[in-house]
Visitor: 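Attaching a single structure in C-alpha cells format; questions to follow.
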Amino acid sequence: NGDDDNGDDNDGDGDDDNGDDNDDSFNCVEGEVLLELFLETDEYPEETKVFLINNEGDFIFEQGFNETRSYSQYSCIPDDDCYTFIIQDTGEDGICCDFGNGYYEIIYDGDFVQDGGEFGDEEDAIFGGSC
C-alpha cells in the first residue's frame with residue numbers, strides 16, 4: 001500500500017492496491033454492516049482526530065491526520081452494537097471555515113448519519129443497530 005492515488009493493481013486481482021478503492025464493492029460478512037467516513041481536513045490537519053467507540057467503550061478506530069487532503073475510510077462493523085463517533089479539534093475551531101473548508105460525513109449501512117465541519121473542540125454522533 002502506498003499513499004499514491006495511481007490505481008495500480010500490483011497483485012493481479014483487479015483491485016486498486018493503494019487502499020483507496022472508491023467503488024461500492026465492499027462486502028461485509030453476515031452480521032456486519034459498512035461504515036463509511038469521508039473527511040476533508042482544514043489547513044491544520046494535525047489538530048484533528050476521529051474516534052469510533054462501541055457500546056462497551058472499546059475503540060473500533062482512532063485516526064489522526066497529518067496532511068491537508070481528503071480521506072475515506074471503510075470499515076465493516078457488527079450490526080448489533082451502538083456506536084459513538086467523535087471528531088475532535090485541538091485548535092477548538094472545528095474544521096471549517098476559518099482555516100479551510102473541512103468537513104466530514106458518516107454513512108452507516110448505506111444511510112446518512114451526520115455531516116459537519118463547524119464545531120468547537122468536539123462533535124459526536126450516536127448510531128447503530130442497538131441504540
Side-chain angles (χ1 to χ4, degrees):
N1 281 350
D3 290 332
D4 60 356
D5 290 325
N6 62 12
D8 289 341
D9 176 17
N10 295 323
D11 61 6
D13 66 358
D15 293 329
D16 172 355
D17 293 323
N18 66 11
D20 293 328
D21 283 348
N22 288 329
D23 62 26
D24 296 322
S25 64
F26 273 86
N27 294 316
C28 297
V29 299
E30 186 174 339
E32 292 185 335
V33 294
L34 181 62
L35 175 71
E36 301 169 75
L37 169 63
F38 305 102
L39 186 135
E40 173 82 28
T41 63
D42 63 7
E43 295 172 15
Y44 296 95
E46 66 280 356
E47 295 178 350
T48 305
K49 267 193 163 177
V50 295
F51 308 88
L52 185 67
I53 304 168
N54 69 11
N55 207 35
E56 293 77 39
D58 299 323
F59 284 83
I60 305 303
F61 64 75
E62 177 178 353
Q63 171 88 37
F65 304 94
N66 57 14
E67 288 184 50
T68 301
R69 60 172 237 170
S70 297
Y71 294 86
S72 299
Q73 179 165 334
Y74 303 88
S75 304
C76 291
I77 58 177
D79 64 1
D80 62 350
D81 210 340
C82 186
Y83 299 95
T84 302
F85 170 83
I86 302 168
I87 183 168
Q88 294 179 339
D89 184 80
T90 58
E92 300 183 355
D93 59 0
I95 56 175
C96 185
C97 299
D98 294 334
F99 300 100
N101 293 316
Y103 72 91
Y104 70 92
E105 181 178 8
I106 308 163
I107 298 172
Y108 172 81
D109 196 18
D111 295 324
F112 171 82
V113 174
Q114 183 169 302
D115 64 4
E118 294 183 65
F119 58 93
D121 64 340
E122 185 175 296
E123 189 165 72
D124 62 23
I126 297 172
F127 59 91
S130 69
C131 295

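Both backbone and side-chain heavy atoms feed into the values below; hydrogens, waters and symmetry mates do not.
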Visitor: Kindly compute the distance separating CD (E36) from CG (D111), expressed to the nearest 0.5 Å.
Guide: 10.5 Å

Visitor: What's the shortest heavy-atom distance between E67 and T41, and which atoms?
Guide: O-OG1, 3.3 Å

Visitor: Do I107 and F38 pass the side-chain contact (heavy atoms from CB on, under 4.5 Å) test, and can you show the C-alpha distance, the side-chain angles, and the key distance before you say yes or no?
Guide: CA-CA 9 Å; I107 298 172; F38 305 102; 3.9 Å; yes

Visitor: Quick one: OG on S72 to CG on L37, what's the gap to the nearest 0.5 Å?
Guide: 8.0 Å

Visitor: How long is the span from the CD1 atom in I77 to the CZ atom in F61, to the nearest 0.5 Å?
Guide: 8.0 Å

Visitor: If you look at every heavy atom in E105 and F112, which pair is closest and at what distance?
Guide: OE2-CD1, 3.7 Å

Visitor: Quick one, I95 with I87, criterion side-chain contact (heavy atoms from CB on, under 4.5 Å). Give me CA distance, side-chain angles, the key distance, then yes/no.
Guide: CA-CA 10 Å; I95 56 175; I87 183 168; 4.0 Å; yes

Visitor: Which class fits the ring pair Y108 and Y83: parallel under 30°, tilted 30 to 60°, perpendicular over 60°?
Guide: tilted

Visitor: Roughly how far, to the nearest 0.5 Å, is CD1 of I60 from OG1 of T84?
Guide: 10.5 Å

Visitor: Compute whether any side-chain donor of one residue and acceptor of the other, for E40 and S70, lie under 3.5 angstrom apart.
Guide: yes

Visitor: Check Q88 against F119 and note the closest heavy-atom contact, atom names and distance.
Guide: C-CE1, 4.5 Å

Visitor: Measure the CG-SG distance between N27 and C76 for me, rounded to the nearest 0.5 Å.
Guide: 8.0 Å

Visitor: As an exercise, state the distance from CD of E32 to CG of D81, rounded to the nearest 0.5 Å.
Guide: 11.5 Å

Visitor: State, to 0.1 Å, how close V113 and A125 come at their nearest heavy-atom pair, and which atoms those are.
Guide: CG1-CB, 4.2 Å

Visitor: Does the side chain of Y44 come within less than 4.5 Å of D93's, by heavy atoms?
Guide: no

Visitor: Cluster question for you: counting only ILVMFWY and a side-chain heavy-atom cut-off of under 4.5 Å, with indirect links fine, are L39 and F127 together?
Guide: yes

Visitor: Run the side-chain contact (heavy atoms from CB on, under 4.5 Å) check on S130 and D80 step by step: do they pass?
Guide: CA-CA 6 Å; S130 69; D80 62 350; 5.7 Å; no

Visitor: Does some side-chain heavy atom of L35 sit less than 4.5 Å from a side-chain heavy atom of L52?
Guide: yes

Visitor: Among side-chain atoms of Y104 and E123, is any donor-acceptor pair under 3.5 angstrom?
Guide: yes

Visitor: Restricting to non-hydrogen atoms, name the atom on K49 and the atom on G64 that form the minimum distance, rounded to 0.1 Å.
Guide: CG-CA, 4.0 Å

Visitor: Is there a side-chain contact (heavy atoms from CB on, under 4.5 Å) between Q114 and F85? Walk through the geometry before answering.
Guide: CA-CA 10 Å; Q114 183 169 302; F85 170 83; 5.7 Å; no

Visitor: So C28 and L34, do their side chains get closer than 4.5 Å, heavy atoms only?
Guide: yes

Visitor: Quick check: do P45 and N66 have side-chain heavy atoms less than 4.5 Å from each other?
Guide: no

Visitor: Looking only at non-hydrogen atoms, find the nearest pair between D89 and D42 and report the distance.
Guide: OD1-OD2, 4.3 Å

